[in-house]
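A quick write-up on the structure given underneath.
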Amino acid sequence: MSEARIDVQVEHKHAPPPAEKKHPNTCPKCGSHYRDDELAAALWVCSHCGHHFPMRARARIDWYTDPGSFMEEAADVRSEDPLDFFDLRPYAERLSEAELNTGLNEAALIGQATIDGHPVELSVMDFTFMGGSMGSAVGEKFSRACDSAIERGVPLISVTSSGGARMQEGILSLMQLPKTVCAVEDLHDAHIPMITVMAHPTTAGVLASFASLGDVTIAEPGALIAFTGPRVVQQTTREKLPDDFGLAEQNLRFGHIDAIVPRAEQRDHLTRLLRLFA
Amino acid sequence: MSEARIDVQVEHKHAPPPAEKKHPNTCPKCGSHYRDDELAAALWVCSHCGHHFPMRARARIDWYTDPGSFMEEAADVRSEDPLDFFDLRPYAERLSEAELNTGLNEAALIGQATIDGHPVELSVMDFTFMGGSMGSAVGEKFSRACDSAIERGVPLISVTSSGGARMQEGILSLMQLPKTVCAVEDLHDAHIPMITVMAHPTTAGVLASFASLGDVTIAEPGALIAFTGPRVVQQTTREKLPDDFGLAEQNLRFGHIDAIVPRAEQRDHLTRLLRLFA
Amino acid sequence: MTEKDQELNLRQRLSGLSRLPLLRGVRVNGESERLERQLERLQADTSDEAIWRSVELARHADRPYTMDYVERFIDDWVELHGDRGRADDGALVTGLGKLDGRTVALIGHQKGRDVKERLDRQFGMAYPEGYHKAMRVMEIAERFGFPVISLIDTPGAYPGVAAEQHGQGGAIARSQAEMARLTVPTVACIIGEGGSGGAVAIAVSDRVLMQEHAIYSVITPEGCAAILWRDAGEAKKAAAAFKPDALHCLELGVIDGIVAEPEGGAQNDHDEAARLLRTALVENLEELEDTPGEELRRRRRAKFRGMGVFA
Amino acid sequence: MTEKDQELNLRQRLSGLSRLPLLRGVRVNGESERLERQLERLQADTSDEAIWRSVELARHADRPYTMDYVERFIDDWVELHGDRGRADDGALVTGLGKLDGRTVALIGHQKGRDVKERLDRQFGMAYPEGYHKAMRVMEIAERFGFPVISLIDTPGAYPGVAAEQHGQGGAIARSQAEMARLTVPTVACIIGEGGSGGAVAIAVSDRVLMQEHAIYSVITPEGCAAILWRDAGEAKKAAAAFKPDALHCLELGVIDGIVAEPEGGAQNDHDEAARLLRTALVENLEELEDTPGEELRRRRRAKFRGMGVFA
Ligand SMILES: [Zn+2]
Ligand SMILES: [Zn+2]
């Protein structure tokens, strides 16, 4: 009855469309196909139907920030394998593969930048690195982003995209929930604002921790935002799911987010918020 | 569409049973009839079916408090008629009549007492005085009870029973909402607990102010606890009402109160809470 | 009454103002002079007819609503949605924006202009979820030191089954409590109907203003008439008896000032109404901004705790 | 492993304890000695078989639940109901009572003993409303200086449509945030299943304990197996891999102590299990009670912020 409810990896969740079926540059909504450079020029948004493809962390940072202003922090923080975790493959091997495939060494990037001249701290997750799952390294990086924002007295912009906690780190991955929550509380106590951008998907342990604690929270159109994803809800409860179950649009209607902002407008929206919180 | 929604007098609300139809000592639930002394001995609860008849403020104070311990405060605070209000009859005349009929000079009594040896401050409303409506005098008395509790460092026990704000005092009656709320906030800041007992009916302006702000809130069985009473809801929205709409039992189910405590058990329940907050 | 009598009447009322406990300790220098000018300018008429005219103007279908003002004098407006629990209540709009260069949190009822919008926004009658949303935005304001502006325009809180089940009474109480705790400057203005608990829920402010033809009342005239006269048709009589107009509210010490409207009412000139409201909000904010937060809160509570007339 | 090897293994683990960042600054004098005694007493077995035995015992149908403990060691118990918004969630019990003479606020999951109660209490899986109720009681505790005791026993937060619509993720996040803000002493004990977000929501405590056969995990063994082994039947393998047992949690610095159970498990003797749990709670509270509230909060945050292993 209660198995597999929480923090399942994202392949067991709603969209994104199964990568094995379609080319990643084929729009899952309208079937339009693009070259990489076309999608990159359109901020990875389908120019035909508006579908938001996943956006890599570095591409997003390039889009949000003033040219050349980004300085990465805590780039040396990397995952370890405290449990010698081994399922069908060793965790260590999964990590190496993710590094190779993504050119990142973890599922989050943090650093300083300016946006339209406003100095900010950034924490940006990348779903391609093990489904954006949060292990000790992601928790540590996000926490350091909070500290850096406090130290510099600048707002924190946090972009989330995650299937949840990284179960290969066992209970330590669960502890990243209170860890990141405590970091946000330190931020709050210092009166530093946090603006959260929820990208597809923001789920499970990340939604149940720092992602939900922004002063202002916006989401990308169509993003899945759910603690428990639709497939697990259906398997567990046999409930009939609403069509837009867990999507950003439903979350707006139910009062969980402040706005849905298309990617092309996000930079302006953030700039406006930065002026307000300046 | 929007008339008569809020703060209507209690004759326009749910039970109590229309006084003109039955003798007040006849149980509206099971039809049993009692002499005054029988009801008084049974704490004004039907010994046959458990229906809670209204209990007068002084009788309740006698029931809760240690013999001889109650010392009334602010007994000299009385209503004025700042608007020279006149509907079918002058407000001043209604006030005099209420005084004559009830032996009280307002719809609330406040004072010091001990309960099982614990010193407390009491504020007890009496529905028989103009439907327990809250005008300037009730607001002032409740506020002074807060101040007295702060000064003496003792818990406040607040018993509510009210049809809402006293419309004969116009906007000044509405201002008793923020007035009493501010008094409770002063109490909170002084770390003085407030225990609220909601008697039938606790509605409209009283529910929308100090009655809802207790640290612990209990209700009497069958008490109507609603901002807008069932009749007005039905008239305004044409919605079908659930059977127990607005009753204590529904309020418990929906999370608005901590417990429903039969009158005979209230003294013990309060004593236990006083031990916890001592 | 002749015009002369009226003026005399007004003068007397004004001289009475300084005796009201409300006004002592709250006013700053120059405030009573401003009031005096306002009262003169208004050429106020306190007759029963004038009261009823305000009731009608306050509910006028073309009267500017919260969003009409936001569009006209809030820069960098970012609406914030949702109570983080169950719903986004369209009857209460909340957001952040700049007013005269400073960031403010704004909370306002929104009735809706056309039929569809009115239904979506429940005619400006908020559910508990609306007040929870407002409280969330107040918390942001408190954390970052933003003043809170409330624009009030509601027949009252929504009187439905779900609203009761979701705790309408408690939500209104807790919203007031939240306002009583804030240490940031707070200014409220009733811009139409200030209907009962649904209005006061967001009006526990350092300064409470009313537009010239707004009304503020414990019950609708129709509701009062239905109960006391047993005839909702006697609404005019009821209004004359409980006096929901701005002048009487000022006289009773319930509000701190009156904001003039364009000739004939705010519906006639939204731009001018916005200019006058903006000026009043900014002036009041400026007067509050130098006071330490704890002192603001102390004075705010003292003001409301001083309200009422009793023997 | 032979018994000798096991003991050696344990000794090594124990000597490692003092190096964990978690334990520095949090421990008081005498604590590590107590741990050592505990570990000895437990004659702990960290084999895969032992881990799976804990999984089974943690979910044993006769295991004592929160209310079994409340009945046995809380005096003057007054249960507090409701989230003041929408519901009273039976999966999470909250209330006030006396523990060893002091008033505490107690928060605990309750699975339900018979079929009807289990349905009423959703098998101990709380809705957002349950966490809102817990937060309300934490606020009372904070206002009056009552320590907060959490008893954790949940497969996880409820995974249903309404729970999602009501903001399950946000509720769990905010409950943790509330615990991170408290300035009163807080002690949590996992008394059965410590399932993921639904557990940690009320476990951000100064001291987090586990009963000897409790489990604490990011996902159920079955869930983990279904995903990583693509076969829920491989739960035992999954449990062996992610190690949800008390000893491993202690070793990883995630918990602060282990509470012994009666021979064979708590289900065998509820009274003795309650006696042991009560002793542990009281001892931990006593060690915390002299520390100023701000310092408690600072250390609590430092403890959780120190959790994790990375390069
Ligand atoms: Zn497309
Ligand atoms: Zn009866």
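Labels below follow one simple rule: chain letters A, B, ... track the order of the sequence lines, proteins then strands, and each chain is numbered from 1. Remember, it's a predicted structure, so these values are computed and weren't measured experimentally.
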Write out the donor-acceptor pairs between chain D and chain B under 3.5 angstrom, atom names and distance to 0.1.
{"from": "D:D76", "atom 1": "OD1", "to": "B:R275", "atom 2": "NE", "distance (Å)": "3.4"}
{"from": "D:D76", "atom 1": "OD1", "to": "B:R275", "atom 2": "NH2", "distance (Å)": "2.6"}
{"from": "D:D76", "atom 1": "OD2", "to": "B:R275", "atom 2": "NE", "distance (Å)": "2.8"}
{"from": "D:W77", "atom 1": "O", "to": "B:R272", "atom 2": "NH1", "distance (Å)": "2.7"}
{"from": "D:H81", "atom 1": "N", "to": "B:D258", "atom 2": "OD1", "distance (Å)": "3.1"}
{"from": "D:D83", "atom 1": "N", "to": "B:G255", "atom 2": "O", "distance (Å)": "3.4"}
{"from": "D:R84", "atom 1": "N", "to": "B:G255", "atom 2": "O", "distance (Å)": "2.7"}
{"from": "D:R84", "atom 1": "NE", "to": "B:H256", "atom 2": "O", "distance (Å)": "3.4"}
{"from": "D:R84", "atom 1": "NH1", "to": "B:G255", "atom 2": "O", "distance (Å)": "2.9"}
{"from": "D:R84", "atom 1": "NH1", "to": "B:H256", "atom 2": "O", "distance (Å)": "3.4"}
{"from": "D:R84", "atom 1": "NH2", "to": "B:D258", "atom 2": "OD1", "distance (Å)": "3.1"}
{"from": "D:R84", "atom 1": "NH2", "to": "B:D258", "atom 2": "OD2", "distance (Å)": "2.8"}
{"from": "D:R86", "atom 1": "N", "to": "B:F254", "atom 2": "O", "distance (Å)": "3.4"}
{"from": "D:A87", "atom 1": "N", "to": "B:F254", "atom 2": "O", "distance (Å)": "3.0"}
{"from": "D:D88", "atom 1": "N", "to": "B:R253", "atom 2": "O", "distance (Å)": "3.4"}
{"from": "D:K98", "atom 1": "NZ", "to": "B:R275", "atom 2": "O", "distance (Å)": "3.1"}
{"from": "D:T103", "atom 1": "OG1", "to": "B:L276", "atom 2": "O", "distance (Å)": "2.7"}
{"from": "D:R136", "atom 1": "NH2", "to": "B:D258", "atom 2": "OD1", "distance (Å)": "2.7"}
{"from": "D:R143", "atom 1": "O", "to": "B:H191", "atom 2": "ND1", "distance (Å)": "2.7"}
{"from": "D:R143", "atom 1": "NH1", "to": "B:D215", "atom 2": "OD1", "distance (Å)": "2.2"}

Are the side chains of B:F277 and D:L96 in touch, meaning some heavy atoms are under 4.5 Å apart?
-> yes
Residue part contacting chain D, namely of B:I257, when any heavy atom lies under 4.5 Å | backbone
Distance from B:L276 atom CG to D:F144 atom CZ, nearest 0.5 Å?
-> 11.5 Å
Output every pair passing salt bridge (charged side-chain N to carboxylate O under 4.0 Å, His left out) with a member in residues 153-164 of chain B, not counting sequence neighbours, ordered by first then second residue.
-> none
How would you list, by chain and number, every residue that makes a ring pair (Phe, Tyr, Trp, His ring centres under 6.0 Å) with D:Y65, sequence neighbours excluded?
-> none
Can you pull the salt bridge (charged side-chain N to carboxylate O under 4.0 Å, His left out) pairs that have at least one residue in residues 148-170 of chain D, sequence neighbours excluded?
-> D:K111-D:D153
